[in-house]
A.B. asks: 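Dropping a structure here in structure tokens format, bear with me for questions.
A note on names: the letters A, B, ... follow the listed sequences, proteins ahead of strands, and every chain is numbered from 1. Values below: all heavy atoms of this structure, side chains included; hydrogens, waters and symmetry mates excluded.
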Amino acid sequence: MATASAAVRRDWLVGYTMVAPVVLGSLAFVVLPLGMVVWYSLHEWNVLANTFTFVGAENYQRMASDPGLTDALLATVWFSVGLVVVNIALALLLAVLLNQKLPGTTTFRTFFFSPVVVSLVAWTIVWSFLLQADGGINGFLSVLGVEGPNWLRHPTTAMIAVIIVQVFKNVGLNMILFLAALQGVPEELQEAARLDGAGAWRRFRSITLPLISPTILLVSIITIVGSLEVFAQIDVLTGGGPGNSTTVLVYYLYQQAFRFNEFGYASALAVLLFVIVLVLTLFQWQSRKRWVFHEV
Amino acid sequence: MSATARRGLNRWLLVLLLIVLSVPFVFPTWWMATSSLKPMSEILSRVPTIWPQDPTFEAYGRVFTLQPFAQQYWNSLYIAVLVTAGTMLVSAMAGYAFARIRFPGANALFVLVLVGLLVPSEVTIVPLFRIVNTLGLIDTHWPLIVIPVLGAPAVLAVFIMRQFFLGLPTELEEAGRIDGLGRWGVFWRIALPLSRSALGAVAIFTFLKSWNLYLEPIVYLSSKENFTLPQALTQYVDAYGGPMWNVQLAATTLTVLPVLAVFLVAQKQFVQGLAHSGLKG
């Protein structure tokens, strides 16, 4: 018994050693900074003036009456909703198309996936050129006899442009995840429904969609949370403009911290961002019972 | 029209649809690579030319003279390699222990680690900037290596590795035990080699994430010799702040084509690795 217990304890030690790097890392680089950001958010902190004064909830009161933040939240909602809807719909469409027995599906899969491995800033730079007033997109449109807008300089089209660039960049990843899920749908079910006279759309809605719903849930969580973190694309494409039409919450936070040196207010914004991510994730997790066919 | 003929026609319509849909995915990269060989006047032509009329490598020379581009390339490369190797090791160990070893507090520690999944890097950027500053590591590569390997970005990797090890049959490990291997022996000699596909997926997305890192470098780094590629690419501007398109496209091509080439060669493993990494839930 004594030897067994020594062996068990040796096993524990191996366990602790193996998880130590990531546990200590999480404490140092996740939990500690989270605590610090909450603490900072209760302070008025100007780096240039070197002042750090406790102000309680003042930064949060300022948030409530900050029109810049209202704009940023609106921009964030537009971007997230637009991105998630277009991204999931397109990913699903591509996956369904590639799941047919068509010639060249491997090649098409490679095409749709390739932007995922192109570096983000590189992809964005190329698109920023193509989207200029006299850039390639409008060049193509003019061949078709359409006068294209100055995409990145109009408030409405700037947001659309950012969404489109981001969708083409990453939709391949979601497509692959959907494709893997579609290939797990049993052929017999489809066949049985076909014999019962169900058309393609009916089969998709009543059989395929429920069966791949766990993947749809997972992909939408990843995509929504990812959409809240969009930064490089905004910085390179529009710099938050025109006006502040594409200044999403993360970009606003960055500006407050590293352009205006308002670390206290930026920290309060960071707390808000964390709460939003937390609520969204928990909400989606809770709602899974209602629309996910079988458990993840 | 007969049913077979109609099905045949439908198939070709679907292929046509796929061809049209693939244009915005493929054209930008193609246009980038070919335009880097064009003179400025041709790049600016209203309707994009598919192939350079008069190819020149002039812009490629300027990529290296305007900035220490070779140094920046090396920075991105070695940082991504270190982060990838570090993350693979750390996540495989932690994933294995969380999946296979019963030790007191394992669940609590796992939940603690999972918090990282809920924390976008932007939330903690201000405190992390302060920590890095206090340690005197601003304008060094340390924060770009250590934080991703041990902090929030590694958590997804830990999760994927844990999922993989949970699904690994225990018989294989018991065989190793009988042959006299200890925990570490079983991990190194049996579990780790079997986890190649999951490790591959972790390696791929960790490398890409590090290679693409943008916010952190612009916050932590200030001198051009220390810049990484995403940051360096935005610096090719003329005296008036206007982008030097041909040079920028040449530099962009240099950062994109190697990764793209590796992807095209290893495409199959790459895509399957991601699809079967436990990410599908």
Side-chain angles (χ1 to χ4, degrees), chain A residues 11-12 14-16 18-19 21-23 25-26 29-30 33 36-37 40 97 100 102-103 108 110-115 117-122 125-127 129 134 136 139 143 168 176-177 180-181 214-215 218 228-229 231-232 236 250 253 257-258 263 266-267 270 273-274 277-278 281 296, chain B residues 11 14-15 18 22 24-26 28-29 31-32 46-48 90 93-94 96-98 101 103 106 109 112-113 115-116 118-120 122-124 126-128 147 150-152 154 158 183-184 208 211-212 214-215 219 230 233-234 245 248 252 255-256 259-260 263 267 271 274-275 279-281:
Chain A
D11 222 31
W12 291 359
V14 175
Y16 289 125
M18 282 181 153
V19 302
V22 68
V23 167
S26 293
F29 302 127
V30 181
M36 286 167 80
V37 84
Y40 291 169
L97 284 176
Q100 316 292 314
L102 295 172
F108 283 120
T110 308
F111 284 171
F112 297 132
F113 194 80
S114 62
V117 296
V118 169
S119 92
L120 177 58
V121 168
I125 284 176
V126 174
W127 275 94
F129 186 87
D134 51 2
V143 172
F168 288 136
I176 292 295
L177 296 175
T215 307
L218 184 84
L228 293 173
E229 299 184 58
F231 177 79
V236 174
V250 164
L253 188 168
F258 298 103
F263 277 17
S267 297
L273 176 64
F274 177 60
V277 170
L278 195 66
T281 312
V296 177
Chain B
R11 270 161 57 93
L14 287 180
V15 172
L18 283 171
S22 58
F25 291 85
V26 179
T29 313
W31 180 83
M32 167 198 76
R46 179 117 170 119
V47 179
V90 164
M93 284 199 308
Y96 179 81
F98 281 131
I101 305 178
F103 54 96
L109 291 178
L112 171 83
V113 170
V115 172
L118 289 172
V119 184
E122 294 81 6
V123 169
T124 49
V126 169
L128 285 175
I147 298 175
L150 299 177
V158 173
R183 263 294 176 194
W184 285 101
L208 290 177
W211 189 252
N212 282 328
Y214 183 74
L215 173 66
V219 168
L233 288 180
T234 62
W245 286 112
Q248 203 164 44
T252 310
T255 71
V256 165
V259 188
L260 205 58
F263 163 67
Q267 200 254 124
V271 171
L274 288 178
L279 263 176
K280 64 178 174 175

A.B. asks: Provide the closest heavy-atom pair for B:Pro127 versus A:Pro33 in the form atom of the first, atom of the second, distance.
C.D. replies: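 Where B:Pro127 meets A:Pro33 most closely, the heavy atoms are CG-O, 3.3 Å.
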A.B. asks: Between chain B and each of A:Thr281, A:Asp11, A:Val30, A:Leu273, count heavy-atom pairs under 4.5 Å; write down the option with the most.
C.D. replies: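 If we count pairs closer than 4.5 Å to chain B, A:Asp11 comes out on top.
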A.B. asks: Please classify the contact between A:Leu120 and chain B as side chain, backbone, both or neither, with a heavy-atom cut-off of under 4.5 Å.
C.D. replies: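 Answer is both: backbone and side chain atoms of A:Leu120 are under 4.5 Å from chain B.
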A.B. asks: Any idea which of A:Ala266, A:Ala257, A:Ser114 has the most non-hydrogen atom pairs under 4.5 angstrom with chain B?
C.D. replies: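 Most heavy-atom pairs under 4.5 Å with chain B: A:Ser114.
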A.B. asks: Of the backbone (N, CA, C, O) and the side chain (C-beta and beyond), which part of A:Phe112 lies under 4.5 Å from a heavy atom of chain B, both, or neither?
C.D. replies: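 For A:Phe112, the contact with chain B is made by backbone and side chain together.
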A.B. asks: Which heavy atom of A:Phe29 sits nearest to which heavy atom of B:Gly151, and what is that distance?
C.D. replies: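 For A:Phe29 versus B:Gly151, the nearest heavy atoms are CB-CA, 4.0 Å.
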A.B. asks: Please classify the contact of B:Val256 with chain A as side chain, backbone, both or neither, using a heavy-atom distance under 4.5 Å.
C.D. replies: side chain
A.B. asks: Taking all heavy atoms of A:Ser267 and all of B:Val126, pick out the closest pair and write down the distance.
C.D. replies: OG-CG1, 4.0 Å
A.B. asks: Just give me the residue among B:Thr124, B:Asn212, B:Thr234 that pairs up with chain A most often, heavy atom to heavy atom, under 4.5 Å.
C.D. replies: B:Asn212
A.B. asks: B:Val123 versus chain A, heavy atoms under 4.5 Å apart: side chain, backbone, both or neither?
C.D. replies: both
A.B. asks: Mind checking the OG-CG spacing from A:Ser119 to B:Leu233? Nearest 0.5 Å is all I need.
C.D. replies: 6.0 Å
A.B. asks: Looking at every non-hydrogen atom in both residues, tell me the closest pair between A:Ala122 and B:Thr252 and how far apart they are.
C.D. replies: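 Reported closest heavy-atom pair: CB-CG2, 3.0 Å.
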A.B. asks: Find the one option among B:Pro120, B:Ala154, B:Ala152, B:Gly116 whose heavy-atom pairs under 4.5 Å with chain A are most numerous.
C.D. replies: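 Greatest number of close heavy-atom pairs with chain A: B:Pro120.
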A.B. asks: Nearest 0.5 Å, what's the CE-CG distance between A:Met36 and B:Leu128?
C.D. replies: 8.0 Å
A.B. asks: Heavy atoms only: give me the nearest A:Leu278-B:Leu118 pair and the separation to one decimal.
C.D. replies: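 Scanning both residues completely, I find the closest heavy atoms to be CD1-CD1, 3.3 Å.
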A.B. asks: Measure across A:Val126 and B:Trp31 and return the closest heavy-atom pair with its distance rounded to 0.1 Å.
C.D. replies: CG1-CE3, 3.8 Å
A.B. asks: Identify, with sequence neighbours excluded, every residue that meets ring-ring contact (aromatic ring centres under 6.0 Å, His included) alongside A:Tyr16.
C.D. replies: B:Phe103
A.B. asks: Pick whichever of B:Leu208, B:Leu109, B:Leu215, B:Leu14 has the most heavy-atom pairs under 4.5 Å with chain A.
C.D. replies: B:Leu215
A.B. asks: Pick one of side chain, backbone, both or neither for B:Thr255, based on which atoms fall under 4.5 Å of a heavy atom in chain A.
C.D. replies: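 Contact with chain A: side chain only.
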A.B. asks: Establish, yes or no, whether a centroid distance under 6.0 Å links the rings of A:Phe111 and B:Phe25.
C.D. replies: no
A.B. asks: Report which part of A:Val22 has an atom under 4.5 Å of a heavy atom belonging to chain B: side chain, backbone, both, or neither.
C.D. replies: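 Both parts, heavy atoms under 4.5 Å.
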A.B. asks: List the steps and the verdict of ring pair (Phe, Tyr, Trp, His ring centres under 6.0 Å) for B:Phe263 and A:Phe113.
C.D. replies: CA-CA 10 Å; B:Phe263 163 67; A:Phe113 194 80; 5.5 Å; yes
A.B. asks: Quick one: which of A:Val250, A:Val14, A:Val277 has the most heavy-atom pairs under 4.5 Å with chain B, could you say?
C.D. replies: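 Highest number of heavy-atom pairs under 4.5 Å: A:Val14.
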A.B. asks: Can you tell me how far the CH2 atom of B:Trp184 sits from the CE atom of A:Met18, to the nearest 0.5 Å?
C.D. replies: 4.5 Å
A.B. asks: Heavy atoms, side chains only, cut-off 4.5 Å: are A:Pro103 and B:Val15 in contact?
C.D. replies: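 Side chain of A:Pro103 against side chain of B:Val15, heavy atoms only: contact under 4.5 Å found.
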A.B. asks: Which bit of B:Gln248 comes within less than 4.5 Å of chain A, counting heavy atoms only: side chain, backbone, both or neither?
C.D. replies: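 Contact with chain A: side chain only.
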A.B. asks: Where on B:Val113 is there a heavy atom nearer than 4.5 Å to chain A: the side chain, the backbone, both, or neither?
C.D. replies: both
A.B. asks: Hey, which of A:Phe263, A:Phe168, A:Tyr40, A:Phe274 has the most heavy atom pairs under 4.5 Å with chain B?
C.D. replies: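 Winner by heavy-atom pair count: A:Phe168.
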